[in-house]
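Read through the structure below, which is laid out as C-alpha cells, and then see the notes.
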Amino acid sequence: MEENYLVQMEDITVEFPGVLALDKVKFNARSGEVHVLLGENGAGKSTIMKVLAGVNTNYEGKITYKGEEIIAKSVDEQRKRGVSIIFQEMNLLKNLTVAENIFLGRQPMTKLRSVDWKKMNAEARRLLQEIHSDISEKAQVSSLSVGQMQMVEIAKALSFDSDIIIMDEPTSALTEKEVQALFEIIAKLKKDNVAIIYISHRLEEIMKIGDRLTVFRDGKYIDTVNIADITMDEMVSMMVGREMTDYYPKVSVKPGQKLLEVKNAKQKNTLKGVSFYARGGEITGFYGLMGAGRTELMRAIFGADQLDSGEIFIGGKKHKISSCEQAKSLGMAFLTEDRKSQGLILKFDLNQNISLANLDNSMGKFGLDMDKENRNNQKLADSMNVKTPSLKQKAKNLSGGNQQKVVICKWLNTEADIFIFDEPTRGIDVGAKTEIYKIMNSLKEQGKAVVVVSSELTECMGISDRIYVMHEGTITGTVEVNDMQYITEELMVGYATASKKAKKVEENEKEN
Amino acid sequence: MKKKINLTNMTSVIALVVLCLVLSIAEPAFRSFGNLINIFQQVTVIAVIALGINLVIFTGGIDISVGSVVAFTGIVMGKIIVEGGMPPFVGVLAALVIGLLCGTFNGVMIAKFKLQPMIATLAMMSMARGAALTLADGQTITGYSEGFRWIGVGVIPGTQVPVQIVFMIIFYLIAFYIMRYRKFGRYIYSIGGNEEATRLSGINTVQYKIMAYAISGFCAAIASVILVAKLNSAQSTAGLDYEMDAIASCVIGGSSLLGGFGSVWGTFVGAIIMIVIRNGLNLLNVSSNLQKLVIGVVILLAVLADSLRHKDDAK
C-alpha cells in the first residue's frame, strides 16, 4: 500500500439466499475525509457498511483497520475499535427518552449501581447542543419527528468518540435547517480527523460535502474518484451505468379513460390535499423523498387507512373506500412497500400466498381444489418467472426478487384494473427488476391503470408515462409524458425537496 | 416442507401409541374394551372445547374463558329446563346462543377494540364464572328428562357406542372440511400467518377473527350441553381448568401458539393423549394432586416442542 488508509476492505463478498449482494468489492477510507458511497438501491452500499460496522458478520474478504487485519464479528467490538454507524432504518427504542437511547446499555452509574440520571441527562444535553439541536434530552422518542430521531441517532454516534462514522442516507428525513447543522458537524468531525463514510442519493449534497466517491452497481465495485474531478452527470452515468432506454423498456399505448381519480385527499399530518388521476394504458409514477406521503396516499386509496376528507373516483364513480376488502372488490390491487411484513405470509407456501387474494379461482365442486389451485398458481408463477423448485416452497426461502414476484402473482390472480405498486423494486436484483418492469408494461398494454411509487429517480423517470412529484403531503410537480424528455433529474429532485417553486410543467389539458 | 409437517402430525400419533403400549403393559385393565369406551367418553367434552379454541389458536390468539362459559351456559340451561320446566331444546338453544354471544363479545373486544386476547378472555373468564355463581346461588341443578340425558349417556341402538362420541366425530368431520376446503379455513390460518398481509390482501380480518372467537364460545356451549346431560347436573363450578386441558390438546396436537399452523385431527389426537394420561394415572392409582403436576409437565413439554418446531417462524 502506498497510501495510509484508516480502513481498507478488499474482496468483500456477501451472499444472501439467491442473491449475490456484494461481489468481491473494495472500499477504503482515510482519516479526516468524507468518502461518499454512491449507487442505486440494491447496489450493496448498505450491505458493505453493515459488514464494516459488524452488523452483517457473514462475509468473505479482508478488512485492514489501522494497519492490522481484523475480522468484524460484532457491533459491540467494532464500536470499541472506533466504528459507529447511523442506520438508514431507525434503531431507536420509541418508548424510552432521548438520553436513555443515546446511552442505551452503557448508562452512567452511581456508586449504588443505579442509573445516574443526572449525569446521563447532562451528557445527552451536551451532545445535543454540540449538534445545535434543541430536542429535549428528556423527551420520549415516540414524540419526535423522523428528522429529530435522525438527529438523536447522530448524537448517539458522536457519543462513542469514533474514528469512523458511517452515515447511511442521514439527510433523507431532515429539514433544510437540520441538514445545515449536520454539515457543520461533518466539517467539525473532519477537523477532528474522523473518517466519515456518507451514503446518499442526493447529488448536490455529495458535490458539496464529499471528498472522494466510490460507486457500486449491482453488488460490484465500479470506481473510486475525487469528487472535485467529476460532474454530476458523470456521477449519474457511473451510478446507472447504461443508457436508460435499454434498461427501462417502454411500450407505447394510447392512454384510455381515467380509471382512478383522487380529489383533494387529506389526512392528518400526512396528506394536505392531494389530487391526481391514473388512466388505463398508462403508468403513473409518484416520485418523492421518504416521508413525502406517497405510501400514506396509496394506503388510504386502498382502504388500509382512512382519509380525513377527499373524494375517490373509480371508473368515474365516486366511492367511499373504508376497507381493503372493498378496494379489492372495486378492482384495485396494492403491492405494499414492505413485502415481508405486509405482502407475504412468509411461513406459508407459495400456493397459499398466491391464492390468498382470490380463492374463488381455486374453488372446485366441493370447496377448495388443491390441484386446481396448484395448476392456476403454476401458470401465474411461470408467467412471472418465479424461481422455485415447487409452489410447496415456503415464501421465506425465496430471494427478495422472487418474493416480490410472488406478491405480484397474488394480485395478477385477481381481476384488478388498477394496480398500485409501492416501491416494487426496492432491494431486489437487476434481473428481477427488469421482469417487474416488463409485467408493468404488459398490464399497461392490457389497458389497466398502473400507479408506481418509486424513490429511485432513474427508475421513476424510465418507467412512467406521467409523474407526480410529492413533498410533505402535497404534489409539488407534475410531469406529462410529452415533456419527459425535457425534464432533468435536478428539476425532479428540486420538486421533491421543494427547493424549486411548485410549478406545473405544461399540463396537457386535452386528455382524450 | 410438507414432509416436516407430516412428521409433526406423526409425532403426536406415535406418542399416543407408545403411551398406550406402556400403559397396557403396566396396567392390564387399560386394555379392556370398557376402558376404551370410557376414554372416548371422557374425551368428548375436552375435544369439543378444543375444536373451538383451535380456531382461535390458528389465528394466533388464545381463549381462556371457555371453562367459565361451560359453567355459565350449563347453569342457564339447567334453570330453563329444570326450574323453568321448559322443553329441553329451549334450554339447549339458549345455552348455544349464550355461548355464541360470549365468544362474539370476546371477538369484538379483540378484533375491533384491539385488546390482548389473553386479557379480553381473562375478563370473560371472570364475568362468565361470576354470572354462573350468581345465577346458581350455590345450588346444583339436577333432574333432567331421559330424552335430554340421551345426549350424554345414550348409546347407538344395538351397540355399545355412546352417542356423544358420534356427535364429537361429526363435529370433527365438519371442522376438518371447513378448515381444509372452505375459504373460511384458509383465511383463519392466514390471519395467524400474517394478519396485516391478510388484511392488505383484501380480506375482512376483523370479521373472521370475531367468528373464530364466536365459534370457540359456541363449542364451549355444546360441550356444556354434553357435560350436563352426562352428569345429570349443572354446577357453577363446572368446567374449571377445562381451558387448560383444551389448549394443551391443541398444542400437543401440533397447533402453533404463534398461529398459522395446526390441524383439526392433530387436536383430536392431542385431546386423546391428555385423557389417556389421566386415565392411565387413575388406573395406576396416582393421586389427583400428583396428576396435576404430571399434566403440567406434559403441557410444558408440548409447548417447548412447539417453540422449537417453529423457531424459524418466530423471527
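Order of the sequence lines fixes the chain letters, A, B, ..., with proteins taken first and strands second; residue numbering starts at 1 for each chain.
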Exercise for review: Would you indicate whether the side-chain heavy atoms of A:S362 and B:R186 approach each other to under 4.5 Å?
Suggested key: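 Of all side-chain heavy-atom pairs linking A:S362 with B:R186, none is under 4.5 Å.
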Relative to chain B, which segment of [X] carries a heavy atom at a distance below 4.5 Å: side chain, backbone, both, or neither?
| X | answer |
| --- | --- |
| A:A327 | neither |
| A:R299 | side chain |
| A:S341 | backbone |

Point to revise | Given B:L200, B:T205, B:N204, the one that forms side-chain contact (heavy atoms from CB on, under 4.5 Å) with A:C324 | key: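 Result: among B:L200, B:T205, B:N204, B:L200 is the only option passing the side-chain contact (heavy atoms from CB on, under 4.5 Å) with A:C324.
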Check your understanding: Distance from A:S323 atom OG to B:R199 atom CZ, nearest 0.5 Å?
Key ->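 Spacing of OG (A:S323) from CZ (B:R199) equals 9.0 Å.
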Practice item. Hey, could you give me the CG/CZ distance between A:L368 and B:R182, rounded to the nearest 0.5 Å? Key: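 Answer rounded to 0.5 Å: 7.5 Å.
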Point to revise | Among A:V407, A:D360, A:T414, residue most engaged with chain B (heavy-atom pairs, under 4.5 Å) | key: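 Option with the top pair count is A:D360.
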Review point. With respect to chain B, which residue among A:D338, A:L356, A:T336, A:D349 yields the maximal number of heavy-atom pairs within a distance under 4.5 Å?
Key: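 Max contact count across the listed options: A:L356.
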Practice item. Anything in residues 369-378 of chain A with a heavy-atom distance to chain B below 4.5 Å? Please list those residues in order. Key: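 Checking residues 369-378 of chain A against chain B gives A:M370, A:E373.
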**Study point:** Contacting region of B:T198 [heavy-atom separation from chain A under 4.5 Å]
**Key:**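 Both parts, backbone and side chain.
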Check your understanding: Contact part of B:Y189 toward chain A, heavy-atom cut-off under 4.5 Å: side chain, backbone, both or neither?
Key ->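 Both backbone and side chain.
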Practice item. Locate the shortest heavy-atom distance separating A:F366 from B:Y177; write the atom from each residue and the value. Key: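 Looking at all heavy atoms of both residues, the shortest contact is O-OH, 2.7 Å.
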Check your understanding: Would you say A:K328's side chain and B:S201's backbone share a donor-acceptor pair under 3.5 angstrom?
Key ->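 Yes, A:K328 side chain to B:S201 backbone: donor-acceptor pair under 3.5 Å.
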Practice item. Without swapping roles, check the side chain of B:N194 against the backbone of A:L346 for a donor-acceptor pair under 3.5 Å. Key: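 Absent.
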For residues 208-220 of chain B, which side-chain donor-acceptor pairs fall under 3.5 Å, sequence neighbours excluded?
unit_1 : atom_1 : unit_2 : atom_2 : d
B:K209 : NZ     : B:E195 : OE1    : 3.2
B:K209 : NZ     : B:E195 : OE2    : 3.1
B:S216 : OG     : B:D63  : OD2    : 2.8

Review point. In this structure, are over 12 heavy atoms from other groups packed under 6.0 Å from A:N58 atom CG?
Key: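 Check fails, neighbour count at 12 or below.
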Check your understanding: Is the number of heavy atoms from other residues, nucleotides or ligands under 6.0 Å of B:Q116 CD greater than 12?
Key ->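 For B:Q116, atom CD is not crowded (no more than 12 foreign heavy atoms under 6.0 Å).
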